[in-house]
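Okay, so here's the structure we're looking at.
As a basis for the values below, the full set of heavy atoms in this structure was taken, side chains included, without hydrogen atoms, waters or symmetry mates. All of these numbers come straight from a predicted model, not from anything done at the bench.
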Amino acid sequence: MKMLLFRKFRVLILMVFLIACSMHILIDLLPKLERRSNIGCSCSHTPSEDPQNWAKNRARSGVESGWPNKHTLRILQDFSNEPNSNISSHSPEKIPKAGDKTEAFIRPEHYAQNGDKNRRFIQDTVLNKNVPVKGSRLRALFDHPLFKRALPSLTDEDTLFNVNTDIRFDTKGATENQEWHAERNVEQYSPTGGELMVDSYPNWLRFHIGINRYELYSRHNSVIDALLRDLVSQRITSVAMKSGGTQLKLIMTFQNYGQALFKPMKQTREQETPPDFFYFSDFERHNAEIAAFHLDRILDFRRVPPVAGRLLNMTKEIKDVTRDKKLWRTFFISPANNICFYGECSYYCSTEHALCGKPDQIEGSLAAFLPDLALAKRKTWRNPWRRSYNKRKKAEWEVDPDYCEEVKQTPPYDSGTRLLDIMDMTIFDFLMGNMDRHHYETFEKFGNESFIIHLDNGRGFGKHSHDEVSILVPLSQCCRVKKSTHLRLQLLAKEEYQLSGLMSESLLRDKLTPILIQPHLKAMDRRLRHTLNVLADCIEKEGYSNVVEDDLAGEREWGHTSPRGR
């Protein structure tokens, strides 16, 4: 009898063991079956390639060498010490429910972030009230007369390069230093063919050729859209660290000899700049660079070089192609089996602040290079309203309410449109919340009669819950603005256009969408209203004609007259 009971007990234990094994097998198979069932969906994405080196490393460590689901690639390591900043590459990610109204706009690699119903991304605005009933908000804006003003006739003095006489592009030379050469060499690209020959140039070169005294690129230039596509699709042939600067940046060279500046992702979209951070120690955000380009175009300044977001394979597109030994030596595999690197820079370049992929993919911004300084020299100017960059001291403009009067008597702000361009830049920075505008640049060829280049916008969009009104001090002190800028700001405040709706629509074109969360978009509308209120106070105090400079009347638009004094 005891033997019979013992045998039954053994059979029972064996059955429980078999059931447990079956359940584990089913749990392991379900995600694979789910991915297989999603193969036939109409999502527009390209599967990532499996890097050889990564597969070898994972095989050595006993980890499955297959390429991870893109759901795990969205959230990268940040430096906030929050609980969610150290998520393993194998952590389960939430997938949006079938009824989620944002699902149709979001690529598979972003499902992980959008599963949380409390996260309000830019797609929400597109689906709700921010899309006009008839057609595109953005198209309607660019069809407005304010966005159709023609430039004066361009002379050789107004273009950065004279294509028809002295510019040659040497493909061999470009491999090393990306330069145009003036020597008359028959093996070089010659512009003798006129427009037909220019059309055969790579898009980055056509972008350079189009730069003139008044703009980096024209309003409806198809080359810019083509260049943005190149930034996310061209094969990367070499990578090197950019010298100088406080944080890590990489110079990337493409197969077509173009170059771009890469800023890697350091924070998630939802994170704000910690309140105890000084502006000069804030992180540089890749999504801020992308959003700044779109905002600059919507404001019709067109002074930010083209920027696009890209998801990079850190092994194949950085480590395997770099010749920079200092960069290469900083690569390592984290305890979570993710590829990481940190490079060399003043801030945040250490093992503790490493940039880690999931497992070796990382997103970042790619900003197209301007022409080489040997061919098109640029002059760097100290911003008159530069901050002190000191923990204790204040700048002169922060303690002297009449500081602008001194600036207006100092070249080049005493003539031309330079002071008005500073006001444009001030408004641009305030809408982004960018406090880090210590210098700006212009092209030397055009002297003081040219636009300001809006470079380095990575410290924008750090706080959506706070409006840093000190950024607007130049505007409130000087009480000067271009009429065209004032009219465009009023236009963007109208419900039928609305800045936040235009930005959300424009940013949907980027591969890394969503770029900004909803609170940042609402903050821009709020800051726009504040800017208009500051101008309204100036007009009430000084009078409309003393505040608003009419740049819409003839040649005065391009700064050929001296500015009025008060």
Are [X] and [Y] side-chain neighbours, meaning at least one heavy-atom pair lies under 4.5 Å?
| X | Y | value |
| --- | --- | --- |
| Gln247 | Lys263 | no |
| His208 | Leu160 | no |
| Val547 | Lys541 | no |
| Lys266 | Leu355 | yes |
| Tyr440 | Asp421 | no |
| Ile251 | Phe369 | yes |
| Thr485 | Asp551 | no |
| Asp230 | Phe207 | no |

* Scan for ring pair (Phe, Tyr, Trp, His ring centres under 6.0 Å) pairs involving residues 521-542, sequence neighbours excluded, and state none if there are none. =>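 Of all non-adjacent pairs touching residues 521-542, those that pass ring pair (Phe, Tyr, Trp, His ring centres under 6.0 Å) are Phe430-His530.
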Heavy-atom donor-acceptor pair, [X] side chain to [Y] backbone, under 3.5 Å:
| X | Y | value |
| --- | --- | --- |
| Thr410 | Glu406 | yes |
| Asn533 | Arg529 | yes |
| Ser504 | Gly501 | yes |
| Ser388 | Lys393 | yes |
| Arg387 | Ala395 | no |
| Trp204 | Leu227 | no |
| Asn434 | Asn457 | no |
| Asn383 | Arg437 | yes |
| Ser233 | Arg229 | yes |
| Trp397 | Trp385 | yes |

* Between Leu475 and Leu535, is a side-chain contact (heavy atoms from CB on, under 4.5 Å) present by the stated rule, with each step listed? -> CA-CA 8 Å; Leu475 188 65; Leu535 288 172; 3.8 Å; yes
Spacing of [atom1] belonging to [X] relative to [atom2] belonging to [Y], to within rounding of 0.5 Å:
| X | Y | atom1 | atom2 | answer |
| --- | --- | --- | --- | --- |
| Leu502 | Arg139 | CG | CZ | 13.0 Å |
| Asp429 | Arg527 | CG | CZ | 11.5 Å |
| Arg488 | Leu141 | CZ | CG | 9.5 Å |
| Leu532 | Asp537 | CG | CG | 11.0 Å |
| Ile290 | Leu516 | CD1 | CG | 9.0 Å |
| Met252 | Gln234 | CE | CD | 14.0 Å |

* **Residues in salt bridge (Lys or Arg N to Asp or Glu O under 4.0 Å) contact with Glu441, at least two apart in sequence or another chain** =>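 Counting only residues at least two positions away or on another chain, Glu441 forms a salt bridge (Lys or Arg N to Asp or Glu O under 4.0 Å) with Arg378.
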* With sequence neighbours left out, what residues match Arg526 under salt bridge (Lys or Arg N to Asp or Glu O under 4.0 Å)? ->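 Salt bridge (Lys or Arg N to Asp or Glu O under 4.0 Å) list for Arg526, sorted by chain: Asp467.
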* Asked: With under 30° as parallel and over 60° as perpendicular, where do the rings of Tyr497 and His144 fit, or are they tilted in between?
  ->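 Geometry flag for His144 against Tyr497: perpendicular rings.
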* To do: Determine the interplanar angle of the Phe301 and Phe428 rings, folded into 0 to 90°, and report it as parallel if under 30°, tilted if 30 to 60°, perpendicular if over 60°.
  =>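 The rings of Phe301 and Phe428 stand perpendicular, inter-plane angle above 60°.
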Do you know the tightest heavy-atom contact between [X] and [Y]?
| X | Y | value |
| --- | --- | --- |
| Gly433 | Ile471 | C-CD1, 3.8 Å |
| Ser484 | Leu552 | CB-CD2, 3.7 Å |
| Cys478 | Leu419 | SG-CD1, 4.3 Å |
| Ser365 | Val307 | CB-CG1, 3.9 Å |
| Ala288 | Gly460 | CB-O, 3.3 Å |
| Phe293 | Pro306 | CE1-CA, 3.5 Å |

* Residue pairs fulfilling side chain to side chain donor-acceptor pair (under 3.5 Å) with at least one residue in residues 299-310, sequence neighbours excluded ->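 Residue pairs passing side chain to side chain donor-acceptor pair (under 3.5 Å), neighbours aside: Glu215-Arg302, Arg219-Asp300, Asp300-Arg302, Arg303-Asp424, Arg310-Glu317.
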* Show your reasoning for whether side-chain contact (heavy atoms from CB on, under 4.5 Å) applies to Met432 and Phe461. => CA-CA 5 Å; Met432 295 190 297; Phe461 298 104; 3.5 Å; yes
* Asked: For Asp158 and Thr155, what are the C-alpha separation, side-chain angles and deciding distance, and is it a side-chain hydrogen bond (donor to acceptor under 3.5 Å, both in side chains)?
  -> CA-CA 5 Å; Asp158 295 325; Thr155 65; 3.1 Å; yes
* **side chain to side chain contact (heavy atoms under 4.5 Å, CB included) partners for Lys394, two or more places apart** =>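 Partners of Lys394 under the side chain to side chain contact (heavy atoms under 4.5 Å, CB included) test: Glu398, Val399.
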* Residues which pass ring pair (Phe, Tyr, Trp, His ring centres under 6.0 Å) with Phe254, listed by chain and number, not counting sequence neighbours ->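 Listed in chain order: nothing, the list is empty.
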* **From CA spacing to verdict: side-chain contact (heavy atoms from CB on, under 4.5 Å), Ile452, Ile422** => CA-CA 8 Å; Ile452 290 173; Ile422 291 287; 3.8 Å; yes
* To do: Evaluate the side-chain contact (heavy atoms from CB on, under 4.5 Å) criterion for residues Leu512 and His286: first the C-alpha distance (whole Å), next the side-chain angles of each, then the deciding distance (0.1 Å), finally the verdict.
  => CA-CA 10 Å; Leu512 296 183; His286 73 300; 4.2 Å; yes
* Taking NZ, NE, NH1 and NH2 as the nitrogens, is one of them in Arg213 or Glu449 under 4.0 Å from a carboxylate oxygen of the other? ->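 Looking at Glu449 together with Arg213, the answer is no, because their closest N to O distance does not fall below 4.0 Å.
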